[in-house]
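What follows is one structure encoded as structure tokens, with my remarks underneath.
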Amino acid sequence: VGLYFTYPIMMFPVNTIAETRIWGDDAPKNWKFRTSVVAMTALVAWGVDDFGLFIHFVGSSVCMILGFILPCYFHLKVGGAGLTKWEKH
């Protein structure tokens, strides 16, 4: 039950970005648009077969990038100028 009530809150950044791109910086806070976005994503998740399998695949890929690739990338970006060639590779 908690997931159903927190999903619109998780969609808040998505709605804010979409409203800004559609209507510009003076985007009105349109509750009809936000409700339709939440309803459309819920219908897609409900209607697509094996949607959970797809979400598991995407989640595992993103977690791998967040856990292994990005820390190394940020380390090289922040302290890369002071590292020797051997330390970079």
_Pairs touching residues 9-21 that satisfy salt bridge (Lys or Arg N to Asp or Glu O under 4.0 Å), sequence neighbours left out_ = E19-R34

Less than 3.5 Å apart, which donor and acceptor atoms pair up between the side chains of residues 63-79 and the rest of the protein, not counting sequence neighbours?
none

*Honestly curious: do V37 and M10 fall in one hydrophobic cluster under the side-chain, below-4.5 Å linking rule?*
yes

*Are F54 and D50 close enough that some pair of their side-chain heavy atoms sits under 4.5 Å apart?*
no

*Quick one: ring-ring contact (aromatic ring centres under 6.0 Å, His included) partners of F33, sequence neighbours excluded?*
W23

*Do the side chains of I22 and V14 join up, straight or via other hydrophobic residues, at under 4.5 Å, putting them in one cluster?*
yes

*Interatomic spacing from OG1 in T35 to CG in N15 - rounded to 0.5 Å*: 8.5 Å

_same_hphob_cluster(F51, V58) at 4.5 Å side-chain heavy-atom cutoff_ = yes

*So, for H56 and G52, which heavy atoms are closest and what is the spacing to 0.1 Å?*
CD2-O, 2.7 Å

